Amino acid sequence: MELRAAPSYRTDPPMQAALREARAAGARGEVPVGAVLLAPDGRVLSRAGNEVEQRRDASAHAELLCLRAAAVLLGRTRLDGCSLVATLEPCPMCAAAASHFRVARLVFGAYDPKGGGVEHGPRLYGQPGCLHRPEVIGGVCEREAATLLRDFFRSLRG
């Protein structure tokens, strides 16, 4: 499968779509994280916001929901050539899932020093036993994504 050159994610609509999903998740009382999965040609295959509280499922992170939906849509377990765009650095669980689904590229907004698994924590893709290492582009719309999270948690502390 041939990959096209990565679009400019600084102004590209996929991160804005992921941010919309994050805002909607926050409005539902979920941690405001959103994700979008793009086909190799740039089409949006799936989009999701966190649904952990709604589903009462600790694994219902936006990234996992996106990956699962796209796999069902495409009828396969590997998402070769696809790009996962998320508003927050994926946790170790979601980073591992992106590896297992074989996404070509992971684009994320805010860095997560406490719970991240890509640039922080276990740095999953740097481990010798990592199955597949996607291209990683971090810090896209970082300020907007971080502000969304910070405001959400500030409102909880009241």
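All values reported here derive from a predicted model rather than from experimental measurement. Computed over heavy atoms, backbone and side chain alike; hydrogens, waters and symmetry mates excluded.
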### Query
Distance-only, no hydrogens or angles: does the Arg55 side chain make a donor-acceptor pair with backbone N or O of Asp57 under 3.5 Å?
no
### Task
Calculate, to the nearest 0.5 Å, the distance between atoms CZ and CG belonging to Arg47 and Leu38 respectively.
9.0 Å
### Message
Does any part of the side chain of Cys141, heavy atoms only, come nearer than 4.5 Å to the side chain of Gln16, both counted from C-beta?
### Response
yes
#### Entry: Path from Val36 to Phe101 over hydrophobic side-chain contacts below 4.5 Å
no
### Message
Membership question, hydrophobic clusters at under 4.5 Å side-chain separation (ILVMFWY): are Val44 and Val140 in the same one?
### Response
yes
### Query
Roughly how far, to the nearest 0.5 Å, is the OG atom of Ser59 from the CD atom of Glu51?
11.0 Å
### Query
Are the side chain of Glu30 and the backbone N or O of Glu53 linked by a donor-acceptor pair below 3.5 Å?
yes
### Query
Where is the tightest heavy-atom contact between Arg133 and Gln127, given as atom of each residue plus distance?
NH2-O, 2.5 Å
### Query
If Ile, Leu, Val, Met, Phe, Trp and Tyr residues are connected whenever their side-chain heavy atoms lie under 4.5 Å apart, and connections chain through other members, are Leu106 and Leu79 in the same group?
yes
### Query
Given the rule that I, L, V, M, F, W and Y join up when any side-chain heavy atoms are under 4.5 Å apart, are Tyr125 and Tyr111 in one cluster?
yes
#### Entry: Over all atoms of both residues, closest heavy-atom pair of Ile137 and Arg105
CD1-CD, 3.9 Å
### Task
Taking all heavy atoms of Ala110 and all of Ala146, pick out the closest pair and write down the distance.
CB-N, 3.8 Å
#### Entry: Nearest atoms (heavy-atom pairs only) where Ala35 meets Cys66
O-SG, 3.2 Å
#### Entry: Heavy-atom pair with the smallest gap, counting every atom of Val103 and His132
O-NE2, 2.6 Å
### Query
When hydrophobic residues are tied together by side-chain contacts of less than 4.5 Å, even through go-betweens, does Val33 share a cluster with Leu37?
no
### Message
Which residues pass the salt bridge (charged side-chain N to carboxylate O under 4.0 Å, His left out) test with Arg43, not counting sequence neighbours?
### Response
Asp41
### Message
Tell me whether Asn50 contacts the main-chain N or O of His61 through its side chain, where contact means a donor paired with an acceptor under 3.5 Å.
### Response
no
## Note on the structure
Applied to residues 17-27, the side-chain hydrogen bond (donor to acceptor under 3.5 Å, both in side chains) test, sequence neighbours excluded, yields Arg23-Glu144
### Summary
Taking every heavy atom of Ala22 against every heavy atom of Gly34, the minimum-distance pair comes out as CB-N, 3.5 Å
